[in-house]
Amino acid sequence: MESYETRGLAPDAEGMRAAAEVLRAGGLVAFPTETVYGLGADARNGIAVARVYAAKGRPAFNPLIVHVASLEAARGIAEFGAEAERLAGAFWPGPLTLVLPVREESGLSPLVTAGLRTVAVRVPAHPLARALLEEAGCPVAAPSANPSGRLSPTTAAHVIEGLCGRIEAVLDGGPCEVGLESTIVAPGPPPRLLRPGGLPAEAIEACLGVPLLRAGVEGGVEAPGQLQSHYAPGAGLRLEADGPGPGERMLGFGDVAGELNLSPSGDLTEAAAHLFDYLRRLDDGKGGAIAVAPIPERGLGRAINDRLRRAAAPRPDQA
Ligand code: TXA
Ligand code: MG
């Protein structure tokens, strides 16, 4: 693979222009969104998109999310039914991805959808992401900016750790506010939850007035990226722990103390924002397995538990 001198770009007008130029020239730029850092490429440029798969070491069957600056731009690449309009109206810009029929004239590289007839789209809320999308003037395909199978990055330093030398630039916007990837929904009818994430499923159900069908329960795995072991720190993980076992490092929550605590006050929003960063810190190669305190299964807690269960699952490479 070709090697690049990965540039760190400041979150100012100059950095933004440089980032947009790289994208327009078919290069790769990691940029902050409110959920996690994305690894961006011009979604119409097949070679640029192929480089995203190569940089991540990602299986080619796993399609990418297309990021656009506005609902109007999204309507240009995907078909919006009444439910999709309703969800976009309520939650965009924000941590919600909609899987919709792709328009024939979308102009997207077929590599983005990995040959599916649907496309995953979202309008991110982060001001830098929005400014970059506007400045670049193209739909931007962006998976999380981490090597395939590793934790998603929530700071520019995380991105550098995983992808330095493989991409042209990182736009540094500081830590991500939400800290969990977007919630992915196929609006239907019937509406289906394909991946729990930064927007609680309860909020979506309240908006639509009907319960979401859960992938894997009613319909099998539908987001192809939902491999069981996905968010994988190097150390093993033990869940629902009330304290550390011998040699273990403890990740606390609420009253269950630990070397690091996701949220001493038991706040799930704060816990989500800290999750990937704290897992990385405890996965520094100096200790044994990571024991994690129980997290309540409601609101963002469901998405946190989803990520933790995947991180704890046996790895294909270790099986
Ligand atoms: O918050 C996020 O969603 C971040 C930021 C950068 O926007 N992006 C992200 O992308 O998490 P990624 O590639 O790591 O995860 C995208 C997920 C994968 O599980 C993929 O299989 C699913 O979206 N996906 C993409 N297109 C799809 C489609 N047409 N149908 C079903 N699932 C799809
Ligand atoms: Mg990812």
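Everything numeric here is computed off the predicted structure, so don't read it as measured data. Both counts, for ligands and for their atoms, begin at 1 and track the order of listing. Numbers here simply count residues along the sequence, with the first being 1.
- Under the 4.5 Å side-chain criterion, counting only non-hydrogen atoms from C-beta, Val52 is in contact with Pro143.
- With a 6.0 Å radius and a threshold of 12 heavy atoms from other residues, nucleotides or ligands, Glu72 has its CD atom at or below the threshold.
- Side-chain contact, Asn146 with Ser144: a donor N or O sits under 3.5 Å from an acceptor N or O.
- In this structure, the salt bridge (Lys or Arg N to Asp or Glu O under 4.0 Å) partners of Glu259, at least two apart in sequence or on a different chain, are Arg249.
- Electrostatic pairing of Glu85 and Arg75 counts as a salt bridge here, judged by a charged N lying under 4.0 Å from a carboxylate O.
- Side-chain contact check for Ser152 and Glu181: at least one donor-acceptor pair (N or O, by modelled atom type) lies under 3.5 Å.
- Residue contacts with ligand 1, taken as heavy atom pairs separated by less than 4.0 Å, involve Thr118 via backbone and side-chain atoms alike.
- Between the side chains of Asp277 and His158, at least one donor-acceptor pair of N or O atoms lies under 3.5 Å.
- Every atom of ligand 1 is numbered from 1 in the order shown, and the set under 4.0 Å from a heavy atom of Ala142 is 6 (C), 8 (N), 10 (O).
- Coordination check, Asn146 versus the Mg ion (ligand 2): failed, since every N/O/S atom of the residue sits at 2.8 Å or beyond.
- Under a 4.0 Å criterion applied to the non-hydrogen atoms of Leu116, ligand 1 contributes the atoms 28 (C), 29 (N), 30 (N).
- Ligand 1 places these atoms under 4.0 Å from at least one heavy atom of His67: 5 (C), 6 (C), 7 (O).
- At a threshold of 4.5 Å between non-hydrogen side-chain atoms, the residues Arg302 and Ile295 do not count as touching.
- Listed by number with element, the atoms of ligand 1 under 4.0 angstrom from any heavy atom of Ile184 are 17 (C), 22 (C), 23 (O).
- Comparing Leu100, Asn62, Leu180 by heavy-atom distance to atom 20 (C) of ligand 1, the nearest is Asn62.
- Between Tyr37 and ligand 1, a contact under 3.5 Å exists for no N or O pair.
- In terms of polar-atom proximity, Thr35 is counted as a contact of ligand 1, with an N or O under 3.5 Å from an N or O of the ligand.
- Within the 4.5 Å cutoff, no side-chain heavy atoms of Phe253 are placed close to those of Pro294.
- Within the set Gly40, Ser144, Pro95, the minimum heavy-atom distance to atom 9 (C) of ligand 1 is found for Ser144.
- Those atoms of ligand 1 with a heavy atom of Arg58 less than 4.0 angstrom away are 12 (P), 13 (O).
- Those atoms of ligand 1 that come under 4.0 Å of a heavy atom in Arg195, given as number and element, are 2 (C), 3 (O), 9 (C), 11 (O), 15 (O), 16 (C), 17 (C).
- Between the OH atom of Tyr278 and the CD1 atom of Ile290 there is a distance of 13.5 Å, given to the nearest 0.5 Å.
- Residue-ligand proximity, Gly38 to ligand 1, at heavy-atom distances under 4.0 Å covers atoms 6 (C).
- Closest to atom 10 (O) of ligand 1 by heavy atom, among Pro101, Pro143, Pro63, is Pro143.
- Per-residue contacts place Ala120 under 4.0 angstrom from the following atoms of ligand 1 (heavy atoms of the residue considered): 25 (C), 26 (N), 27 (C).
- Contact between Val36 and ligand 1 is present, with at least one heavy atom of the residue lying under 4.0 Å from the ligand.
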